[in-house]
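A, B, ... follow the sequence lines: proteins, then strands. Residue 1 opens every chain.
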Amino acid sequence: ALGRGGPDEDTVEALEVALLGADVSAVLVDELVDRLRDERTRGAEGARAAVADVLAAALPEPSFDWAAAPRPMALLVVGVNGSGKTTTCAKLARAAAAAGRRPLLAAADTYRAAGAEQLALWAERLDCPVVAGRTGGDAAAVVFDAAAAVEARDRDALLVDTAGRMHTREPLMRELEKLQRALAKRMPGAPHETWIALDAAMGQNAIAQARFFHRVTPLTGAVVTKLDGSARAGFLFSIGRELGIPVCYAGLGEGPDDLAPFDRTAFVQALLD
Amino acid sequence: RLSSALQGVFRNLRGYGRLTERNVQDALREVRRALLEADVNYEVARDFIARVREACLGEAVLSSVTPGQQIVKRIHDELVRLLGGSRRDFTLSPAPAGVLLLGLHGAGKTTTAAKLARTWSREGRRVLLAACDLRRPAAVEQLRALAARVGVDAIGPEPGDTVAGAGARALETARREGYGVVLYDSGGRFQVDPDLVAELHDLHRTVAPANTVLVLDAATGREAVAVARTFHESVGLTGLVLTKLDGDARGGAALSVHAATGCPILRVGTGEKPEDLEPFHPDRIAARILG
Ligand SMILES: Nc1nc2c(ncn2[C@@H]2O[C@H](COP(=O)(O)OP(=O)(O)OP(=O)(O)O)[C@@H](O)[C@H]2O)c(=O)[nH]1
Ligand SMILES: Nc1nc2c(ncn2[C@@H]2O[C@H](COP(=O)(O)OP(=O)(O)OP(=O)(O)O)[C@@H](O)[C@H]2O)c(=O)[nH]1
Ligand SMILES: [Mg+2]
Ligand SMILES: [Mg+2]
């Protein structure tokens, strides 16, 4: 019943189920539910608005802007296997060019079968220069060469695609540090941005992924990929609150234009619907 | 950790002898919390708790000096029973036995196709890898490179092929050339994309494989139920492969998918290399889910 002292139990439970189903962490859901029970929120609409406010506040505001970013700049894309890095790099090349930048792609995945080929095909489609190495070659060398190419070819935005790696594999995480150092050696201040690609369909493990990668190569942003599916990426609130990493973009499909600046308000509304 | 959380629930009851139903309810709430944190879907967790509730109200638990341990044991055993119950394997005869791999984008289908091909080729079977992903850039190259690496033949689409057409071509080749197994690697798709579900349905109907296998990332969240259920309704799943278990995801998706389809988990992926494919051990995943 809608009396004083909070929204009714059905409303609270419905919200709880909706949030859990969207992969919001159980800890955060409990916190929200406790809040709702204490709050003098009136009725279903009041409860929803109260939850929306807390959730939106958990997402840091992104500040990245292509126009304002240094010239040249380097952006490193990292993440676990299959999270959407290569496709995201292609989309970012498109977005950078549309924003007046001159991108160059670095295919620093020298491990996976057809890893560099996949990015090279994208580069061709986008008419964007790309620097690649041979499979089995040294990823740090590719990165170094790509940074040199930025200068030689008068480009101003280096987008580095890296191999997928499990955050639990120490030697692979060390390799990422090595990539960062190689970049910094050839381009002062690089990488200016290090973004993690996070698959929207992941559960709570996405938080562990962000945490571990953040410790090794401090993350300045995240791209939530595959948000055009049915999954709601509720883990983003924990990542925002715990690590302060802003979500810069959302991947919304497999094509080069399927990337949109992340809209925090729309994201929260969609989650609560 | 679940066991310490349960210890916390029962700590204050020491010396009062028998537990009450209320104590067990509190303990089961902790279990539910552990399941949710392990990415088990809300309804699946709720139904699972309801199943084990009876077992947890038995004499053995209520009068035990270590009720927490008793409850964990019963939960663990029920999980193992559920996950390991239907111990089926791939159907690899009559030749050419079809194995269609499907799933969300990036789940590990192409890599798993090569892993399975390697396993069966080492058993002396003639395996054909069939590239049926016509969408992803360099998908066919990826499969061909992996095929070469594991020493297995691969066939790709011809210009103008539809996905079903590529599958038909592969099946025709498999029959004509006497292959024992044909593995169809399909492109990633969402279960909520009607065009892609229809495309999968067409491929499935065309090649009529003996095995229709969902490849699922072990870190998948609570959407795993909807994914599995929709694909199961559309093409009928005969099994699951859970990938990327070399990460630290708890793997609750395994329970969710089993609840939605009743399908056996046939293998698990434990790395990127062709040899990183292992048999499924229900007790290991049960322990992992319970944390
Ligand atoms: N629908 C949809 N699919 C996506 C999106 N981003 C990536 N994908 C798909 O996800 C799959 C994996 O994408 P990749 O770009 O290869 O992922 P990756 O992280 O580079 O993979 P690895 O390099 O193997 O670790 C491909 O099928 C992509 O087309 C997205 O935003 N929406
Ligand atoms: N660590 C680890 N990586 C895996 C495993 N299985 C696959 N991968 C990696 O996950 C990424 C995606 O694998 P793919 O085989 O391309 O996935 P897919 O399902 O075919 O992707 P799409 O065709 O785009 O839908 C690659 O980097 C693989 O090497 C696994 O068990 N462990
Ligand atoms: Mg890649
Ligand atoms: Mg594939």
Top of A:Leu20, A:Leu121, A:Leu119, A:Thr225 for chain B proximity - count of heavy-atom pairs under 4.5 angstrom: A:Leu20
A:Gln204 backbone acceptor or donor facing B:Asp39 side chain under 3.5 Å: yes
Closest non-hydrogen atom pair, A:Ala26 against B:Glu37: CB-CG, 4.2 Å
Top contributor to chain B contacts, counting heavy-atom pairs under 4.5 Å, from A:Met202, A:Glu117, A:Met166, A:Glu254: A:Met202
Heavy-atom pair of closest approach, residues B:His105 and A:Lys226: O-NZ, 3.0 Å
Within 6.0 Å of CG in A:Asp273, more than 12 heavy atoms from elsewhere: yes
Crowding at CD, A:Glu124 (>12 non-hydrogen neighbours, <6.0 Å): no
Atom pair CZ/CZ of A:Arg232 and B:Arg222 - distance to nearest 0.5 Å: 14.0 Å
Interface residue of largest heavy-atom contact number with chain B, from A:Asp228, A:Asp199, A:Val80, under 4.5 Å: A:Asp228
Exceeds 12 heavy-atom contacts within 6.0 angstrom, atom CD of B:Glu275: yes
From CG (B:Asp246) to CZ (A:Arg169), nearest 0.5 Å: 7.0 Å
Shortest non-hydrogen contact between B:Lys273 and A:Tyr111, atoms and distance: CG-OH, 3.7 Å
Contact origin within B:Arg136 toward chain A - heavy atom pairs under 4.5 Å: side chain
Heavy-atom proximity to chain A below 4.5 Å, by part of B:Ala226: neither
Residue among B:Ala145, B:Gly247, B:Gly252 with most heavy-atom pairs under 4.5 Å to chain A: B:Gly247
Contacting moiety of B:Asn41, where chain A heavy atoms sit under 4.5 Å: neither
Structural part of B:Arg135 lying under 4.5 Å from a heavy atom of chain A: side chain
Spacing of B:Thr111 atom OG1 and A:Arg112 atom CZ [to the nearest 0.5 Å]: 7.0 Å
B:Gly221 versus A:Asp23, closest heavy-atom pair with distance: CA-OD1, 3.5 Å
Leading residue by heavy atom contact count with chain A [cutoff under 4.5 Å; candidates B:Gly106, B:Ala219, B:Gly108]: B:Ala219
Full working for side chain to side chain contact (heavy atoms under 4.5 Å, CB included) between B:Glu272 and A:Asn81: CA-CA 9 Å; B:Glu272 293 192 73; A:Asn81 304 82; 3.0 Å; yes
Greatest number of heavy atom pairs closer than 4.5 Å to chain A - which of B:Leu36, B:Thr220, B:Leu104, B:Val192: B:Thr220
Over 12 non-hydrogen atoms of neighbours within 6.0 angstrom of CZ in A:Arg125: yes
Minimal non-hydrogen separation, A:Ser230 against B:Gln191, with atom names: OG-NE2, 2.9 Å
